[in-house]
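Here the structure comes first, spelled out in structure tokens, and everything after it is commentary.
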Amino acid sequence: MDRCTHYFGAGPAALPVEVKQQIQKDINQYADTGISILELSHRSEQFASIITSAQSLLRGLYAIPNNYQIIFMAGGATIQFDAVALNLVGDAKHASYLDTGFWSRKSADLASKYVDIKFVQGLKDSHEKISCIEPEEWDVDPETAYLHVTPNETVYGVEFIDLKKMNVPVVADLTSCILMQDIDISKYAVVYAGVQKSLGIAGLSVVIVRDDLVGRVSKKTPDLLRYDLHVKENSVVNTCPVFACYVTRLMLDWVARNGGIKIMAEQAKMRAKLLYQAIDANPKLVNNVCEKNRSVINVAFNSPDAQVIENLLAAAKRQGLIGLQGHRHVGGIRASMYNATPMSAVKKLAALIDAV
Ligand code: PMP
């Protein structure tokens with residue numbers, strides 16, 4: 001398979017070559033079944049084993065305690081913005097959302113259909129730099145149903161991974177950092193992620209929910225958004241996305257075989273260090289995130305001179321580095337470097353940044 005091209009897209013994102021090769025084989029015939037993985041029944045024993053092994057791999061990789069359930073649900077992360085509120089608000093009067101940027105605002109916006117939202121100021125602006133996150137300054141109402149956080153903001157490239165101990169249930173959107181950051185799941189009540197970045201392909205989300213929160217669901221919640229039903233039916237509530245679950249299992253297996261989460265997190269740090277060094281050394285380029293909150297996964301930068309960005313994108317394309325355009329709301333360049341991103345591709349990009 002040709003890997004001359006490297007894809008830095010934010011998601012769907014680059015998959016490891018070995019995973020793509022395995023998929024090709026299994027599209028022809030899956031595990032001696034005589035049929036393709038694309039034809040496999042969601043009620044088959046083979047699919048049951050895909051789900052159970054995905055759950056146990058994820059539990060092992062993150063040392064997820066036994067009082068947490070792991071479920072797979074159709075739809076990406078956005079459907080979880082509704083599902084979180086529908087499953088967790090219970091009798092509470094409001095829910096709190098930490099405002100750290102684009103995705104946290106969108107998650108609050110969707111949840112506001114079901115519950116009053118209290119924003120917690122997450123970003124602290126200062127003269128020189130923006131986007132510092134200071135957890136000790138968060139003001140969270142103890143009566144809140146939950147506090148929702150987005151530890152890696154994919155659009156602006158802002159992250160905060162170490163959560164302090166909170167006295168309210170914390171819900172985290174891990175869409176752009178799952179399997180890439182060493183996260184203590186036991187600090188959270190619920191975590192969820194659309195899997196299309198570092199854990200598979202589009203169309204599926206994974207939810208890890210603590211047992212005591214499973215039964216709070218509002219009665220009018222559609223079945224396909226109910227955590228309790230997914231727990232009861234072990235993620236097979238209807239004809240679920242068999243292929244997407246299968247790719248997720250392959251990705252989990254790939255991460256486990258390649259050293260696990262700590263190694264993935266270490267590699268992410270190394271990739272990001274190289275790129276930020278190149279950006280900081282080039283006076284034509286700016287990254288406005290304060291150093292401790294720079295995402296090691298989504299590196300976003302811009303230039304006051306639009307031509308510089310255009311030249312860099314064109315030079316990158318000539319070298320087979322694609323998917324680097326910034327998010328449509330912010331422009332500039334964004335290099336999304338998930339687990340399948342080779343250091344060689346980052347080195348090529350850093351060299352282009354030096355030269356622009
Ligand atoms: N949350 C975060 C942090 C994201 O990065 C994204 C997608 N880029 C979403 C939510 C939305 O995901 P989806 O498109 O799967 O709904």
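Note that ligands are numbered from 1 as they come in the structure, with each ligand's atoms numbered from 1 the same way.
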Go through the side-chain N and O atoms of Glu159 and Gln181 and say whether any donor and acceptor fall under 3.5 Å apart. yes
Please say whether Ala77 places an N or O atom under 3.5 Å from an N or O atom belonging to ligand 1. yes
for atom 1 (N) of ligand 1, nearest protein heavy atom and its distance come out as Asp173 OD2, 2.6 Å
Considering only heavy atoms of Gly76, which atoms of ligand 1 have at least one such atom less than 4.0 Å away? 15 (O), 16 (O)
Centroid-to-centroid, Phe47 to His42, below 6.0 Å? no
Quick check on the 6.0 Å ring-centre criterion: do His6 and Phe8 meet it? yes
Please tell me whether Asn298 and Glu153 have a donor and an acceptor in their side chains that are separated by less than 3.5 angstrom. no
Checking a contact table here: which protein heavy atom is nearest atom 3 (C) of ligand 1, and how many Å away? Thr154 OG1, 3.3 Å
What do we get for Phe81 next to ligand 1 when only non-hydrogen atoms under 4.0 Å count, side chain, backbone, both or neither? side chain
Ignoring hydrogens, just give me the one of Lys197, Gln196, Gln80, Glu153 whose non-hydrogen atom is nearest atom 15 (O) of ligand 1. Gln196
The closest protein heavy-atom partner of atom 16 (O) of ligand 1 is Thr78 OG1, 2.4 Å
Are Cys245 and Cys240 close enough that their SG atoms are less than 2.5 Å apart? no
Give the ring-plane orientation class for Trp103 versus His327, where under 30° counts as parallel, over 60° as perpendicular and anything between as tilted. perpendicular
